[in-house]
Every structure is written in structure tokens, then in C-alpha cells.
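Every chain is numbered from 1 and lettered A, B, ... according to where its sequence line falls, protein lines coming before strand lines. Note: hydrogens, waters and symmetry copies are ignored here, and every other heavy atom, side chains too, is used.
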2 protein chains.
Amino acid sequence: MSLRLIRDAVIDPACPVRDVLDRIGDRWTVLVLNALSTGTRRFTELRRAIPDISQRMLAKTLRTLETDGLLTRTVFPTIPPRVDYTLTPLGDSLLEPLGHLIRWAETSRAAIHAARARAGQVRAARD
Amino acid sequence: MSLRLIRDAVIDPACPVRDVLDRIGDRWTVLVLNALSTGTRRFTELRRAIPDISQRMLAKTLRTLETDGLLTRTVFPTIPPRVDYTLTPLGDSLLEPLGHLIRWAETSRAAIHAARARAGQVRAARD
DNA sequence: CAGGATCCCTTAGGATACTG
DNA sequence: CAGTATCCTAAGGGATCCTG
């Protein structure tokens with residue numbers, strides 16, 4: 001038993017944690033944070049780094065991250081325009097706990113897939 | 001800069017991490033895991049522990065967690081029926097990295113809300 | 001008690017086209 | 001280049017009713 005690490009945090013009626021976790025729970029935020037983990041990137045660089053993101057979702061995700069203060073957006077008034085995205089210290093500080101979670105996912109992947117396969121077997125045998 | 005903790009993991013085309021993170025990224029999984037962090041619980045106990053979850057979503061979330069091998073479901077063939085849910089060692093092992101993330105959310109909450117308020121100010125001033 | 005089945009609405013998100 | 005606007009579909013998820 002893991003010492004109820006998260007107990008009181010989540011049950012709270014106002015749920016101070018959920019509005020934060022809801023953000024990183026979407027499909028792209030983690031990937032964008034990751035792509036920015038090595039430093040400043042431009043819009044198109046991010047699109048190349050995350051091949052299957054649509055330009056719409058990339059733009060939306062970046063706006064949200066900017067609004068939440070996790071990255072800064074720097075516009076250069078040149079032609080053609082150029083926009084740089086950089087993690088703030090706050091955004092950067094998220095990479096560490098996120099790394100814990102991702103490493104768990106990597107090491108647990110095999111076990112999870114095995115469990116899914118077992119569940120599939122059971123279902124197949126029953127039907 | 002946080003040492004590119006998550007880099008290679010996420011960019012992978014087959015994205016071994018996303019199918020795992022997609023699960024915990026939903027609205028209820030984290031809350032259910034938390035409610036089970038202190039030990040075995042029954043269906044109704046979980047509903048009480050997470051007041052605003054619908055029975056449908058609780059059932060669905062529990063099924064998914066069972067399929068993924070994060071918890072076990074034990075049915076007692078009594079009348080009325082009774083079903084116990086317990087985290088597996090795998091499920092329990094998720095509580096630790098999750099705790100890191102939740103503590104980050106708690107400590108960062110003020111900064112994020114301040115950033116959102118600032119963004120709101122900017123928008124209000126512009127319009 | 002512990003759900004399954006059904007209905008319905010809202011949101012996430014892709015595709016495409018257009019612009020400063 | 002870096003987006004915004006529009007349209008559209010699929011999935012998430014609530015409410016309600018039914019049952020072994």
C-alpha cells in the first residue's frame with residue numbers, strides 16, 4: 001500500500017487538483033511539453049516534432065499552456081512571421097513529475113498489455 | 001532545464017506511452033485509484049467516496065482498470081450481491097508517480113491561477 | 001446491491017480553406 | 001510562417017429506467 005499519497009488532495013469537493021490534471025490529461029499537452037523540454041521551438045518545428053498533431057490542436061494546446069503560464073510565446077514582427085515557444089520555470093518544473101509517470105508507463109506497459117490480452121482471452125472463451 | 005526526462009519515450013511513432021497515459025487522463029480514473037489507495041472498497045462505497053461520479057462512469061472506469069490489470073474484482077454470490085475492488089500490486093505501484101504529479105498540481109495551483117488571471121486581464125484590456 | 005441498456009447532449013478533435 | 005474560421009464526426013459522459 002502506497003501510503004495514501006494522494007488521498008486528501010483529490011477528494012476535496014472543490015477539487016483543486018482536477019482542473020490542473022484535466023489539462024495534462026488531454027491528448028497533446030504532454031507531447032508538446034516534451035517537445036519543448038530541450039529548449040525553444042517554433043510553431044513549425046513543433047509540428048514536425050509531433051507529426052500527427054493538427055495545426056488546430058497545436059495552436060489550441062499552445063494557447064492553453066500560455067494562459068496557464070507554462071510557456072511563453074514570443075512574436076517577432078518579421079516577414080514571414082516567427083513565433084518562439086519556451087517553457088517557463090513553472091512549465092519546466094512539470095517535466096520532473098511527468099517523467100515519473102512516463103517511466104511508470106514504460107515499465108508497466110508489458111504488464112498492462114498482458115492483462116489486456118488475458119481479459120481478451122476470457123471474453124473470447126466466454127462468448 | 002529538466003534533463004529531457006521524457007524525450008524519447010513520447011516521440012516514438014508507435015507511442016508506447018500514450019495508450020497508458022490516455023487511460024489515466026480521463027476524468028475519473030485518478031479519483032478511483034485514490035479511493036482504493038487505502039484498501040478494498042465496494043461499489044457503493046466508491047460512489048460515496050466520489051460523490052459526483054455517475055454509476056455508469058464508475059462501472060466503466062472500474063471495468064477498464066480491471067482489464068488493464070490495475071485492480072481485481074471479486075464477486076460474492078450472495079443476495080444482495082457484493083463486489084469488492086482491490087488494487088493489484090501494479091495498480092498500487094501507480095500511486096507513487098501519481099502522487100508526484102498531484103503534489104506538483106497542488107504546489108503549482110496558485111501560480112497557474114495567477115497566470116490565468118493575468119491572461120484574463122490582458123484579454124479584458126484588449127477588448 | 002451492483003450494475004446493464006438506452007437516450008441524449010456536450011466536447012474533443014480532424015480536415016479543409018483562408019489570411020496577415 | 002503562423003495561425004484563424006468553419007464544418008463535421010466520434011467519443012465522453014450525465015440521467016433515467018430496468019434487472020438478477
* To do: Spell out, as yes or no, whether a donor-acceptor pair under 3.5 Å connects the side chain of A/Thr88 to the backbone of A/Gly69.
  => yes

* Has the side chain of A/Ser54 got a donor or acceptor atom that lies under 3.5 Å from a matching backbone atom of A/Met57? -> yes

* Would one find a side-chain N or O of A/Arg82 under 4.0 angstrom from OP1 or OP2 of D/dA2? -> no

* Asked: Would you say the side chain of B/Leu71 lies within less than 4.5 Å of the side chain of B/Leu33, judging by non-hydrogen atoms?
  -> no

* Identify which nucleotide among C/dG3, D/dA2, C/dC1 has an atom closest to any side-chain atom of B/Tyr85, counting heavy atoms from C-beta outward. => C/dG3

* Asked: For D/dT4, does OP1 or OP2 lie under 4.0 Å from any side-chain N or O of A/Arg63?
  -> yes

* To do: Could you tell me the separation between the CG atom of A/Leu62 and the P atom of D/dA2, rounded to a whole number of Å?
  => 11 Å

* Is B/Ser108 reaching over with its side chain to a backbone N or O of B/Ala111, donor-acceptor style, under 3.5 angstrom? -> no

* Compute whether any side-chain donor of one residue and acceptor of the other, for A/Tyr85 and A/Arg41, lie under 3.5 angstrom apart. => no

* Asked: Hey, which of A/Thr67, A/Thr61, A/Asp68 is the one that makes side-chain contact (heavy atoms from CB on, under 4.5 Å) with A/Leu65?
  -> A/Thr61

* Would you kindly check if the NZ (Lys) or CZ (Arg) of B/Arg82 is within the cone defined by 45 degrees around the ring axis of B/Phe76 and under 6.0 Å from the six-membered ring centre? => yes

* Structure fact -> Computed from five pairs at either end and rounded to 10 degrees, the angle between the axes of the helix from C/dC1-D/dG20 to C/dG20-D/dC1 is 50°

* Asked: How many Å lie between CZ on B/Phe43 and P on C/dA2, as a whole number?
  -> 8 Å

* Asked: So what does B/Arg47 touch, heavy atoms closer than 4.0 Å: a base, only the sugar-phosphate, or nothing?
  -> nothing

* Asked: Where the side chain of B/Thr64 meets the backbone of B/Lys60, is there a donor-acceptor pair that is under 3.5 Å apart?
  -> yes

* To do: Send over the distance from A/Arg73 CZ to D/dG3 C1', rounded to a whole Å.
  => 8 Å

* To do: Indicate the atoms forming the closest heavy-atom contact of B/Leu46 with B/Leu58, along with that distance.
  => CB-CD2, 3.9 Å

* Over how many whole Å does the gap from A/Ile50 atom CD1 to C/dG13 atom P extend? -> 13 Å

* Structure fact -> Given protein heavy atoms under 4.0 Å, the one-letter contact record of nucleotides 7-20 of chain D, with B base, S sugar-phosphate only and - none, is simply ------BBBBB--B

* Structure fact -> Atom CG of B/Leu58 and atom P of C/dG3 are separated, to the nearest Å, by 8 Å

